[in-house]
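Here's the structure, in structure tokens; my notes come after.
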Amino acid sequence: MTPFQIAIDGPVAAGKGTVARLVAERLGFLYVDTGAMYRMTAYLAQQEGASMADEVALADLVEEAQMDMRNPNDEEKDGRLTTVLLNGEDVSWKIRTEEMSRGSSQVAQYPLVRQVLVSKQQRIAAQQDVVMEGRDITYRVLPTAQLKIYLTASDIVRAKRRHLQLQAKGQDIGFEEVYRDLLQRDHQDMTRPADPLKQVPEAWVVDTSDLSIEQAVEMIVAKAKILMDYAQTQQS
Ligand code: C5P
């Protein structure tokens, strides 16, 4: 059977992680957070003292790194959406700081880094049914995904959510700084020459500004089930 792929793109803090994780859980699919891979790259650069300006060195680091993601096991259920392992080290929380957010957007500008990460992502999605979220999933990583979604929300709603998330983690950053960082990161993601964030025409646009997480998840699960049934009738 061909794996079923749900590809989700969207701007910072649109709710992609939470929604994708829950949809994956409902359908029994693997949830893949590709942003975590760009974050791991920034973390690796910091650990190895690599220059953020050296594209080739960064791509080499990524090529050699073992990047794994799995659903959190019983000891790991501390609010994380996924367990992220870099060369066997649990970096699930270490990559979630604002410093790593900025670093990840910087390394994401480099075509060589993207190429290596995209191949890793495609290998994961070739082996099992996935819900994969990021910025270039609908057109670069999984261009033939059976369901493509552009998940978004207004700037202010997203900044408020991000601010709350950081506060919950004990990171005391003012709202204005969070808002400014979010706009800056969106701008960088949408205007970079290498695979910018964009809305492909065939994507289903889900705006979560006025939706609860549960409502967004319900809508997506319902649509996925219809498409899966349809795919099955076509195959039999
Ligand atoms: O999704 P998250 O905010 O964790 O992603 C961190 C950064 O990684 C994004 O701001 C973006 O620059 C980059 N990214 C990307 N392509 C993806 C996923 C993330 O460029 N597929």
Side-chain angles (χ1 to χ4, degrees), residues 5-21 24 31-46 52 55 58-59 62 67 69 79-84 86 91-125 130-143 145 148-153 155 158-159 161-163 165-166 169 171 173 178-200 203 208:
Q5 300 172 335
I6 302 180
I8 306 181
D9 285 328
V12 174
K16 299 190 299 289
T18 314
V19 169
R21 173 84 181 88
Y31 160 56
V32 186
D33 168 10
T34 60
M37 298 169 92
Y38 290 87
R39 289 169 181 272
M40 280 193 260
T41 307
Y43 179 79
L44 256 181
Q46 190 200 49
M52 292 293 262
E55 178 173 359
L58 290 169
V62 177
M67 296 180 165
M69 275 171 279
R80 66 182 64 181
L81 294 175
T82 180
T83 289
V84 182
L86 177 60
V91 295
S92 310
W93 290 115
K94 289 182 186 150
I95 58 166
R96 301 284 161 202
T97 62
E98 279 301 273
E99 191 190 353
M100 292 303 139
S101 296
R102 285 179 208 132
S104 58
S105 275
Q106 259 174 288
V107 299
Q109 315 261 2
Y110 296 129
L112 285 179
V113 170
R114 303 196 69 84
Q115 219 173 47
V116 182
L117 288 177
V118 167
S119 319
K120 286 186 193 265
Q121 292 153 10
Q122 288 174 332
R123 276 199 295 274
I124 297 174
V130 291
V131 182
M132 190 175 273
E133 51 102 350
R135 306 292 191 287
D136 57 348
I137 313 303
T138 53
Y139 68 94
R140 174 68 61 212
V141 184
L142 306 177
K148 296 184 179 184
I149 296 169
Y150 189 83
L151 198 79
T152 190
D155 296 353
R158 292 187 291 115
R161 286 181 189 160
R162 182 96 192 115
H163 189 223
Q165 269 172 8
L166 290 168
K169 281 191 286 177
Q171 294 183 36
I173 302 172
V178 173
Y179 192 22
R180 211 173 320 119
D181 268 7
L182 177 135
L183 293 180
Q184 157 109 38
R185 205 139 67 86
D186 278 350
H187 179 74
Q188 221 168 27
D189 289 343
M190 289 173 182
T191 56
R192 69 171 170 239
D195 286 353
L197 167 65
K198 62 182 177 201
Q199 199 180 305
V200 294
T208 65

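Atom set for the values below is all heavy atoms of this structure, side chains included, hydrogens, waters and symmetry mates excluded. Numbering starts at 1 and runs along the sequence shown. For ligands, and for the atoms within them, numbers begin at 1 and follow the listed sequence.
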Note, Tyr110 side chain near Val116 side chain (heavy atom, < 4.5 Å):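 Answer no - side chains too far apart.
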Side-chain heavy-atom pair Glu55, Pro111 within 4.5 angstrom cut-off: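 In contact.
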Criterion salt bridge (Lys or Arg N to Asp or Glu O under 4.0 Å) on Asp9 and Arg135, from CA distance to verdict: CA-CA 5 Å; Asp9 285 328; Arg135 306 292 191 287; over 6 Å; no
Qualifying residue, where the test is side-chain hydrogen bond (donor to acceptor under 3.5 Å, both in side chains) with Thr208 and the options are Arg161, Lys16, Arg158: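 Looking at Arg161, Lys16, Arg158, the match for Thr208 under the side-chain hydrogen bond (donor to acceptor under 3.5 Å, both in side chains) is Arg161.
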Closest contact, heavy atoms only, Asp186 versus Pro11: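 In terms of heavy atoms, the two residues are closest at OD1-CB, 3.5 Å.
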Donor-acceptor under 3.5 Å (Lys148 side chain, Thr138 main chain):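 Indeed, once roles are kept as given, a pair shorter than 3.5 Å links the two residues.
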Neighbouring residues of ligand 1, heavy-atom cut-off under 4.0 Å: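 Residues Thr34, Gly35, Tyr38, Arg39, Ser104, Ser105, Ala108, Arg114, Gly134, Arg135, Asp136, Ile137, Arg185, Asp189, Arg192 each place a heavy atom under 4.0 Å from ligand 1, listed by chain and number.
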